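Inspection log for the structure reproduced underneath, given as structure tokens.
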Amino acid sequence: MDGMGIGMLWMLLWGLVGLALLVLIVVAIVWLVRQLSAGPASGPPPAEAGGGQVRRELDRRLAAGEISQEEYRALRAEIDGR
């Protein structure tokens, strides 16, 4: 056996490395396609996440006279995170 076993072992090893590289490339392509096709994040932007609807309700309550100007300002500051 003049080195034939070692040569076959190297050939098998490089075949496995090539296969692993091919699998890695396919996984990377699938991940990239999924990221690009997902589009923008779902849901409202963070500034509007519930805050817009709450502010509209607060404005409605002020207009209807259900709350005073002072209560409105305090609640609005709380909503805006100040």
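All of these numbers come straight from a predicted model, not from anything done at the bench. Any value given below was found using the heavy atoms of this structure, including those in side chains, with hydrogens, waters and symmetry copies removed.
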Handout entry: Listed partners of Ile25 passing side-chain contact (heavy atoms from CB on, under 4.5 Å), at least two apart
Key = Leu21, Ile29
Handout entry: Value rounded to 0.5 Å, distance of CD in Glu70 from CZ in Arg73
Key = 7.0 Å
Problem - Interatomic distance, Tyr72 atom OH to Arg55 atom CZ [nearest 0.5 angstrom] - result: 9.0 Å
Exercise for the section: Show your working on side-chain contact (heavy atoms from CB on, under 4.5 Å) between Arg34 and Val30 and close with a plain yes or no. Expected result: CA-CA 6 Å; Arg34 290 185 75 186; Val30 168; 4.1 Å; yes
Problem - Leu13 side, atom CG; Ile6 side, atom CD1 - distance, nearest 0.5 Å - result: 11.5 Å
Exercise for the section: Hey, could you give me the CD1/CZ distance between Ile67 and Arg60, rounded to the nearest 0.5 Å? Expected result: 9.5 Å
Practice task
Kindly work out whether a path of hydrophobic side-chain contacts (I/L/V/M/F/W/Y, heavy atoms less than 4.5 Å apart) joins Val27 to Leu22.
Solution key: no
Handout entry: salt_bridge(Arg61, Glu71) N-O dist < 4.0 Å
Key = no
Exercise for the section: Could you tell me which non-hydrogen atom of Leu58 sits nearest to which non-hydrogen atom of Arg76, and how far apart they are? Expected result: CD2-N, 3.7 Å
Practice task
Measure the CH2-CG distance between Trp14 and Leu19 for me, rounded to the nearest 0.5 Å.
Solution key: 14.0 Å
